[in-house]
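Remarks on the structure that follows.
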Amino acid sequence: MSKPGLDQGCEQAPAPLPFAVTLEVRDRCLCLFLQRAARSLARRFDEALRPFGLTNGQFSLLMSLNRPEPARLGNLALLLAMDRTTLTANLKPLERRGLVRSLPDRTDARRRRLRLTPAGRRLLLAALPAWRRTEQACERQVGEADAPRLRGLLSLLT
């Protein structure tokens, strides 16, 4: 099956895509704006959390496990907007470091539950001030009054 837009061996070349379209996408594409902002924020938080041996994604994953009862893998995947395969891959280094423990579900042994270990809690406590400083700096950059509005707008897209 051929893919749309690929040259099918036709003699006629496709019409050129006007540069104005490139500028339109550059100036209007919500996805592009979000990707750029997300990459920039990720770099800032990665830098802040590096002394603790964490990336921003690992910090968020560990923080999402800071709860009274162990989390189900599927529920955690939904919360973090990750597919289960990606989540499992991201959990492995945290499990190897002893920060997270995987347990069978008490009601269904085919399902896994995830628990933050005492070492994981200690690491989160140590990293929290760096996360707070970075979060506050980002909120100041956006405007502290606009930060809640931005969170609300972004949550509309999830």
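Nothing here was measured: the structure is a model prediction, and the numbers come from that model.
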Before accepting this row, confirm whether a basic side-chain N of the pair Asp108/Arg111 lies closer than 4.0 Å to the acidic partner's carboxylate O. yes

Scanning both residues in full, the closest heavy-atom pair of Leu87 with Ala77 reads CD2-N, 3.6 Å

Note: Ala89 and Pro93 closest approach over all heavy atoms is O-CD, 3.3 Å

Problem - Check: Ser155 side chain, Gly152 main-chain N or O, donor-acceptor pair, under 3.5 Å - result: yes

Heavy-atom donor-acceptor pair, Asp46 side chain to Asn56 backbone, under 3.5 Å: yes

_Geometric class of the Phe45/Trp131 ring pair [parallel <30°, tilted 30-60°, perpendicular >60°]_ = tilted

- Is it true that a side-chain atom of Asp146 and a backbone atom of Arg149 form a donor plus acceptor pair closer than 3.5 Å? no

Smallest heavy-atom separation, Pro51 atom then Ala48 atom, equals CD-O, 3.4 Å

Output for pair (Leu62 CG, Phe52 CZ), nearest 0.5 Å, gives 13.0 Å

(Q) If you count heavy atoms of other groups shown closer than 6.0 angstrom to CZ of Arg67, is the number above 12? (A) yes

Open item on the list: Within the 4.5 Å heavy-atom criterion, are Leu73 and Thr88 side-chain neighbours or not?
Closed with: yes

Here the gap from Leu61 atom CG to Asn90 atom CG, rounded to the nearest 0.5 Å, amounts to 6.5 Å

Is the shortest side-chain N to carboxylate O distance from Arg106 to Glu69 below 4.0 Å?
yes

* So, do Leu76 and Ser64 sit near enough that their side-chain heavy atoms are less than 4.5 Å apart? -> yes

Here the pair of heavy atoms bringing Arg44 nearest to Cys138 is CZ-SG, 3.7 Å

In short, Gly53 meets Arg97 closest at the heavy-atom pair O-NH1, 2.6 Å

Taken to the nearest 0.5 Å, the spacing of Arg112 CZ from Leu91 CG works out to 6.5 Å

*Asp105 bridged to Arg72 by N-O distance under 4.0 Å*: yes

Using a 3.5 Å cut-off and no angle test, enumerate the donor-acceptor pairs between side-chain atoms of residues 15-42 and protein atoms at least two apart in sequence or in another chain.
none

Should Arg151 and Glu139 count as an ion pair when the cut-off is N to O under 4.0 Å? yes

Acceptor/donor pairs from residues 114-129 side chains to any protein atom, 3.5 angstrom cut, sequence neighbours excluded:
unit_1 : atom_1 : unit_2 : atom_2 : d
Thr117 : OG1    : Gly98  : O      : 2.5
Thr117 : OG1    : Leu99  : O      : 3.1
Thr117 : OG1    : Ala119 : N      : 3.4
Thr117 : OG1    : Gly120 : N      : 3.1
Arg121 : NH1    : Leu116 : O      : 3.1

Check your understanding: Is Leu94 reachable from Leu79 through a run of hydrophobic residues whose side-chain heavy atoms are each under 4.5 Å from the next?
Key -> yes

Does the pair Glu47/Arg50 count as a salt bridge with the N-to-O cut at 4.0 Å? yes

Smallest heavy-atom separation, Pro70 atom then Arg113 atom, equals O-NH1, 2.8 Å

